[in-house]
> 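Here it is: the structure, laid out below.
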Amino acid sequence: MVCYSRFERGSDVLGTLQKAERNLMPVIIQAGVADKALFELEKDERDEAGGAVISLNVDGRPLRLRLNFKAAARCDFQEVAAMIPQRICEFRKHAARFDERVEPVRAKVEARIDRTGHGMRLVSFGMEPLDVRQAFHWCEQRLEAQIEMLDHTLAPEIVSLPSYTYRRFAAGIAHLQPVQRRRAAMAKRLAEKDAVLEVDTLTEALIAHLGQTLPAIAAQVLRTRGSIGVAVPDVAARAGSAGQFHFSNADGRLVVSGYISPAGPRVFLYGNSLTIDEGIDEDLLSDLKGKALSAFITHPASDKARIATSRVSGDKRTTRVNLRTRRRMIGLGEIDAAA
């Protein structure tokens, strides 16, 4: 079974995938390993060139093989297909020993996630897809944990965590934990307030300055799950990308990015942080701490934030300024009322 829904219709990747199925399926069936119900060919999300993962059910165990389309293009699919029975034979020969290696690690990883995962869930655990051209070695095969967690829009996503030992998996999980904890806490706060996003006063003022409405921008961001660009009146034509502000969903917050001052020194805003293309005198920055941003930058929205902290880069070429703003929730009713 080929998961065509994971590919764009008419794409080169889809065409190659269909060709792969036609050439590989007879070999798989002839080997007595799988039929259409036990054979799956899906897109390899980590291969930007458009590779695929062949998932085989071998004696009740999953064997996952990676097929790089660039490599496949350089050789006949029959040559690729001939490698599959070799991988199956190697896998069958050492499957029991591989199970003995995998199971203790899986149990520890699952327990770690359940204990400290803040809502993360282990979806699957086993072998990382193996390049079809490489031999299977039970003791050297890298493992992979597929973990469900919240993405930057607070929607569920599957994250693949590859490693060899529990110790390294634990380190990877520890890296994911604060991200999941922050996102889960935000999702809970939004749900309690029947809200969809959090917004700060600076972002809200910038939206008004652009001649837009907050509900309209928020609704677009929620629909696209990416970022949307809004041109600055009378600036975009002469400033190119510097004449746009972009709005996105960053862990449940409506975040703005763009040049709040496109002329030199340019000042780039992202969320509650400014990056200035110049090293500002530190005594001046110290004097500005706690004051409104309008004391430093002239902009119609600059009175909606205050300067919290600042730091000049080591090479004295840029300055980072962190801002303090008030925040509020955007209720679902606010979006619906504007629809």
> Are any side-chain N or O atoms of Arg183 and backbone N or O atoms of Leu150, one a donor and one an acceptor, separated by less than 3.5 Å?
yes
> Is Leu130 reachable from Ile84 through a run of hydrophobic residues whose side-chain heavy atoms are each under 4.5 Å from the next?
yes
> Flag the pair Met186 / Arg182 as yes when at least one side-chain heavy-atom distance between them is below 4.5 Å, and no otherwise.
no
> Check whether any side-chain heavy atom of Val179 lies under 4.5 Å from a side-chain heavy atom of Met149, and answer yes or no.
yes
> Establish whether Leu222 and Ile228 are linked, either directly or via other cluster members, by ILVMFWY side-chain heavy-atom contacts under 4.5 Å.
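In one cluster: yes.
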> Consider only side-chain N and O atoms of Ser313 and Arg320, and report whether a donor and an acceptor are under 3.5 Å apart.
no
> What are the two closest non-hydrogen atoms of Ala218 and Ile335, and how far apart are they?
CB-CD1, 3.6 Å
> Dump the intermediate steps for side chain to side chain contact (heavy atoms under 4.5 Å, CB included) on Val321 and Leu288, then the final yes or no.
CA-CA 10 Å; Val321 177; Leu288 289 171; over 6 Å; no
> Look at atom CZ of Arg328 and say whether more than 12 heavy atoms of other residues, nucleotides or ligands are closer to it than 6.0 Å.
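Counting neighbours around CZ of Arg328, more than 12 heavy atoms of other residues, nucleotides or ligands fall under 6.0 Å, so yes.
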> Using a 4.5 Å cut-off on heavy atoms from C-beta on, say whether the side chain of Thr325 contacts that of Lys304.
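They are not in contact (no side-chain heavy atoms under 4.5 Å apart), so the answer is no.
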> Membership question, hydrophobic clusters at under 4.5 Å side-chain separation (ILVMFWY): are Met329 and Val221 in the same one?
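Different clusters: Val221 never reaches Met329 through Ile, Leu, Val, Met, Phe, Trp or Tyr contacts under 4.5 Å.
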> Should Phe136 and His94 be marked as a side chain to side chain contact (heavy atoms under 4.5 Å, CB included) after you check the CA-CA gap, both sets of side-chain angles, and the distance that decides it?
CA-CA 9 Å; Phe136 173 80; His94 300 291; 4.3 Å; yes
> Are side-chain heavy atoms of Leu269 and Leu323 found at a separation under 4.5 Å?
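Of all side-chain heavy-atom pairs linking Leu323 with Leu269, at least one is under 4.5 Å.
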> Do side-chain atoms of Arg101 reach the backbone of Trp138 as a donor and acceptor pair under 3.5 angstrom?
yes
> May I ask you to decide if Glu148's main-chain N or O and Arg121's side chain share a donor-acceptor pair within less than 3.5 Å?
no
> Does Thr224 use its side chain to pair, donor to acceptor, with the backbone of Gly226 at less than 3.5 Å?
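Flag set: sc Thr224 to bb Gly226 pair under 3.5 Å.
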> Rounded at 0.5 Å granularity, tell me how far OH in Tyr164 sits from CD in Glu144.
12.5 Å
> Hey, could you give me the OG/CD distance between Ser248 and Gln220, rounded to the nearest 0.5 Å?
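If I round to the nearest 0.5 Å, the distance is 13.0 Å.
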> Heavy-atom distance under 4.5 Å between the side chains of Ile217 and Thr203, does that happen here?
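When only atoms from C-beta onward are counted, Thr203 and Ile217 do not touch, as no gap falls below 4.5 Å.
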> How many angstroms lie between atom CD1 of Ile173 and atom CG of Leu122, to the nearest 0.5 angstrom?
8.0 Å
> Please tell me if the side chains of Leu65 and Met83 come closer than 4.5 Å, counting only heavy atoms from C-beta onward.
no
> For the residue pair Thr201 / Arg326, report whether a side-chain donor-acceptor contact shorter than 3.5 Å exists.
no
> Hey, what do you get for CG (Asp277) to OG1 (Thr318), rounding to the nearest 0.5 Å?
7.5 Å
> Working to the nearest 0.5 Å, report the span between CG of Asp131 and CZ of Arg66.
7.5 Å
> Within the 4.5 Å heavy-atom criterion, are Asp59 and Phe91 side-chain neighbours or not?
no
> Give a yes or no on whether Arg189 atom CZ has more than 12 heavy-atom contacts from other residues, nucleotides or ligands under 6.0 Å away.
yes
> Hey, could you give me the CD/CG distance between Gln180 and Asp251, rounded to the nearest 0.5 Å?
10.0 Å
> Just wondering, do Gln177 and Met120 contact through their side chains at under 4.5 Å, heavy atoms?
yes
> Do Arg253 and Asn272 pair up side chain to side chain, a donor and an acceptor below 3.5 Å, judged on atom types alone?
no
> Please determine whether side chain to side chain contact (heavy atoms under 4.5 Å, CB included) holds for the pair Glu128 and Arg64, giving the CA-CA distance in whole Å, both sets of side-chain angles, and the decisive distance to 0.1 Å.
CA-CA 7 Å; Glu128 181 187 44; Arg64 305 177 69 209; over 6 Å; no
> Give a yes or no on this: more than 12 heavy atoms of other residues, nucleotides or ligands lie within 6.0 Å of atom CZ of Arg317.
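Atom CZ in Arg317 is not packed in, count stays at 12 or less.
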> Please determine whether side chain to side chain contact (heavy atoms under 4.5 Å, CB included) holds for the pair Phe296 and Ile276, giving the CA-CA distance in whole Å, both sets of side-chain angles, and the decisive distance to 0.1 Å.
CA-CA 11 Å; Phe296 182 53; Ile276 306 165; 3.3 Å; yes
> With a cut-off of 6.0 Å (strictly less than), are more than 12 heavy atoms of other residues, nucleotides or ligands near CZ of Arg115?
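Enclosed: over 12 neighbouring heavy atoms sit under 6.0 Å from CZ of Arg115.
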> Are Phe125 and Ile158 linked, directly or through intermediate hydrophobic residues, by side-chain heavy-atom contacts shorter than 4.5 Å (ILVMFWY only)?
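Per the 4.5 Å side-chain linkage, Ile158 and Phe125 are not co-clustered.
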> Is there a path from Leu154 to Ile330 through hydrophobic residues (I, L, V, M, F, W, Y) whose side chains come within less than 4.5 Å of each other?
no
> Check step by step if salt bridge (Lys or Arg N to Asp or Glu O under 4.0 Å) holds for Glu90 and Arg87.
CA-CA 5 Å; Glu90 295 159 356; Arg87 302 294 86 81; 2.9 Å; yes
> Output, in order, the C-alpha distance, side-chain angles, deciding distance and verdict of salt bridge (Lys or Arg N to Asp or Glu O under 4.0 Å) for Arg97 and Glu100.
CA-CA 5 Å; Arg97 301 185 74 177; Glu100 291 174 357; 5.6 Å; no
> Verify, without hydrogens or angle tests, whether Thr116 (side chain) and Arg112 (backbone) share a donor-acceptor contact under 3.5 angstrom.
yes
> Is a side-chain N or O of Gln146 found less than 3.5 angstrom from the main chain of Val123, in a donor-acceptor match?
no
